[in-house]
Peer 1: 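Have a look at this one.
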Amino acid sequence: MDYTNLRRQIISMKKSLFDQGYLDEQFNQLEELQDDSSPNFVEEVVALFFKDSSRLLTNIEQALEKYPQDFYRLDSLVHQFKGSGSSIGALRMKNECSMFKAHCNDRNLEGCRRSLQKMKREHATLKQKLETYFHLLRQVGPPERAVNSWK
């Protein structure tokens, strides 16, 4: 695929991530922080987010199993996860975290469990979509941009 077509595909994919509600303006702000001195900044931040957020999801899941009635603990863990997602502009994940927190406020354990499953799906879907997005960016970027931070 030639450079122009790749650029078009990248622009289209990013627009789709926004149009479908996966990302919000925070992602654009993150991209504005990237420059020639740190050409992989956004990809590195996003890769760190997914590494850390996977751990947070595990902690939430374990807390639901071990302390199902400790809604304060669950709310606190989800608050961390929501903050992490907000930092990269993960809109759908952030919205599902808000639903989980509302279930905590209502002391609705089944609602919390359903929200956790949705959070996990949104997390996995966004990770896959952003991996594809960054893969395309590496293809059009200068050789020094061809770094894979996802391992």
Side-chain angles (χ1 to χ4, degrees), residues 1-67 72-104 112-151:
M1 188 177 288
D2 68 32
Y3 179 83
T4 304
N5 285 336
L6 271 174
R7 291 300 296 167
R8 238 184 259 132
Q9 190 176 352
I10 290 166
I11 291 166
S12 173
M13 181 173 196
K14 183 177 174 184
K15 182 180 181 328
S16 150
L17 288 168
F18 279 84
D19 290 349
Q20 294 174 17
Y22 286 103
L23 296 175
D24 65 18
E25 184 56 31
Q26 182 62 32
F27 187 81
N28 284 334
Q29 291 175 11
L30 199 58
E31 285 189 321
E32 288 174 14
L33 297 174
Q34 186 164 289
D35 60 20
D36 291 339
S37 68
S38 56
N40 301 310
F41 175 75
V42 177
E43 183 174 4
E44 290 168 2
V45 168
V46 170
L48 284 171
F49 160 74
F50 280 109
K51 181 179 179 185
D52 186 53
S53 60
S54 293
R55 179 188 55 79
L56 287 171
L57 275 174
T58 298
N59 291 347
I60 295 166
E61 198 162 32
Q62 289 173 347
L64 262 175
E65 291 171 18
K66 292 180 184 174
Y67 313 102
Y72 178 80
R73 178 189 305 251
L74 293 169
D75 184 80
S76 178
L77 289 168
V78 171
H79 183 76
Q80 276 183 279
F81 185 74
K82 182 180 179 183
S84 292
S86 294
S87 71
I88 66 156
L91 182 60
R92 281 189 180 193
M93 281 179 33
K94 183 174 75 171
N95 291 342
E96 197 52 53
C97 287
S98 294
M99 291 300 301
F100 188 109
K101 288 170 71 63
H103 293 308
C104 283
C112 289
R113 287 186 174 131
R114 282 191 310 273
S115 280
L116 175 61
Q117 295 311 309
K118 290 178 184 175
M119 286 164 43
K120 288 167 66 175
R121 277 194 303 274
E122 292 298 341
H123 182 266
T125 300
L126 183 61
K127 182 177 182 182
Q128 179 268 318
K129 288 179 179 292
L130 287 176
E131 283 175 341
T132 302
Y133 175 73
F134 288 118
H135 175 75
L136 291 172
L137 281 177
R138 285 192 305 275
Q139 288 182 33
V140 299
E144 65 270 14
R145 291 242 3 220
V147 172
N148 188 344
S149 311
W150 292 86
K151 294 182 180 175

Peer 1: For Asp19, is the CG atom crowded, meaning more than 12 foreign heavy atoms sit under 6.0 Å from it?
Peer 2: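 Yes - once you tally the heavy atoms of other residues, nucleotides and ligands closer than 6.0 Å, there are more than 12.
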Peer 1: A side-chain contact here means heavy atoms from C-beta on lying under 4.5 Å apart; do Leu23 and Leu126 qualify?
Peer 2: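 Yes, their side chains come closer than 4.5 Å.
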Peer 1: Scan His123, Gln80, Lys127 and name whichever one has a side chain to side chain donor-acceptor pair (under 3.5 Å) with Ser53.
Peer 2: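 When side chain to side chain donor-acceptor pair (under 3.5 Å) is applied between Ser53 and each of His123, Gln80, Lys127, only His123 qualifies.
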Peer 1: Can you tell if the side chain of Leu137 reaches within under 4.5 Å of the side chain of Arg7, non-hydrogen atoms only?
Peer 2: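 Yes. Closest side-chain heavy atoms under 4.5 Å.
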Peer 1: Would you call Gln26 and Lys94 a side-chain contact if the rule is heavy atoms closer than 4.5 Å?
Peer 2: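 No - every pair of side-chain heavy atoms lies 4.5 Å or more apart.
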Peer 1: Assess, by modelled atom type and distance only, whether the side chains of Gln139 and His135 contain a donor and an acceptor separated by less than 3.5 Å.
Peer 2: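 Side chains of Gln139 and His135: pair found under 3.5 Å.
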Peer 1: Which distance, rounded to the nearest 0.5 Å, do you find between the CD1 of Ile60 and the CZ of Arg73?
Peer 2: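 With rounding to 0.5 Å, CD1 (Ile60) is 12.5 Å from CZ (Arg73).
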Peer 1: Looking at CZ of Phe81 and OG of Ser76, how far apart are the two atoms once the value is rounded to the nearest 0.5 Å?
Peer 2: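 Separation between the atoms: 14.0 Å.
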Peer 1: Is the backbone of Glu43 close enough, under 3.5 Å, to the side chain of Asn40 for a donor and an acceptor to pair up by distance?
Peer 2: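 Checked: no pair found.
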Peer 1: Do the side chains of Phe100 and Leu74 get nearer than 4.5 Å, heavy atoms only?
Peer 2: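 Side-chain contact under 4.5 Å: yes.
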Peer 1: So, do Tyr22 and Glu122 sit near enough that their side-chain heavy atoms are less than 4.5 Å apart?
Peer 2: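 Contact flag for Tyr22/Glu122 side chains = yes.
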Peer 1: To the nearest 0.5 Å, how far apart are CZ in Phe50 and CD1 in Ile88?
Peer 2: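 Rounded to the nearest 0.5 Å, the CZ-CD1 separation comes to 5.0 Å.
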Peer 1: Mind checking whether Phe27 and Val42 have side chains closer than 4.5 Å, heavy atoms only?
Peer 2: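 Phe27 reaches Val42 side chain to side chain.
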Peer 1: Evaluate Leu6 against Gln9 for side chain to side chain contact (heavy atoms under 4.5 Å, CB included), listing each step before the verdict.
Peer 2: CA-CA 5 Å; Leu6 271 174; Gln9 190 176 352; 4.2 Å; yes
Peer 1: Say you draw a straight line from CE of Met93 to CG of Leu57; how long is it, rounded to the nearest 0.5 Å?
Peer 2: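 It comes to 7.0 Å.
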Peer 1: Before giving the answer on side chain to side chain contact (heavy atoms under 4.5 Å, CB included), spell out for Arg92 and Gln20 the whole-Å C-alpha distance, their side-chain angles and the decisive distance to 0.1 Å.
Peer 2: CA-CA 9 Å; Arg92 281 189 180 193; Gln20 294 174 17; 4.1 Å; yes
Peer 1: Within a strict 4.5 Å, meaning less than it, do heavy atoms of the Cys104 and Val78 side chains meet?
Peer 2: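 Counting from C-beta outward, Cys104 and Val78 never come under 4.5 Å.
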Peer 1: For a side chain to side chain contact (heavy atoms under 4.5 Å, CB included) check, start with the C-alpha distance between Asn59 and Gln62, then their side-chain angles and the critical distance, and finish with the verdict.
Peer 2: CA-CA 5 Å; Asn59 291 347; Gln62 289 173 347; 4.1 Å; yes
Peer 1: Is there a side-chain contact between Met99 and Arg114, using heavy atoms and a 4.5 Å cut-off?
Peer 2: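 No, their side chains stay 4.5 Å or more apart.
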Peer 1: For the CD atom of Glu61 and the CZ atom of Arg113, what is their distance to the nearest 0.5 Å?
Peer 2: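 One finds 11.0 Å between CD of Glu61 and CZ of Arg113.
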Peer 1: Between Asn28 and Lys14, does a side-chain hydrogen bond (donor to acceptor under 3.5 Å, both in side chains) hold up when you go through it step by step?
Peer 2: CA-CA 10 Å; Asn28 284 334; Lys14 183 177 174 184; 2.9 Å; yes
Peer 1: For the side chain of Ser86 and the backbone of Lys82, is there at least one donor-acceptor N/O pair under 3.5 Å apart?
Peer 2: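 Present.
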Peer 1: Please assess Arg121 against Glu96 for the test salt bridge (charged side-chain N to carboxylate O under 4.0 Å, His left out), listing each intermediate value before the final yes or no.
Peer 2: CA-CA 10 Å; Arg121 277 194 303 274; Glu96 197 52 53; over 6 Å; no
Peer 1: Which heavy atom of Leu33 sits nearest a heavy atom of Ser38, and at what distance?
Peer 2: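 In terms of heavy atoms, the two residues are closest at O-OG, 4.5 Å.
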Peer 1: Rounded to the nearest 0.5 Å, what's the gap from CZ on Phe41 to CG on Asp35? Could you check?
Peer 2: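 Spacing of CZ (Phe41) from CG (Asp35) equals 9.0 Å.
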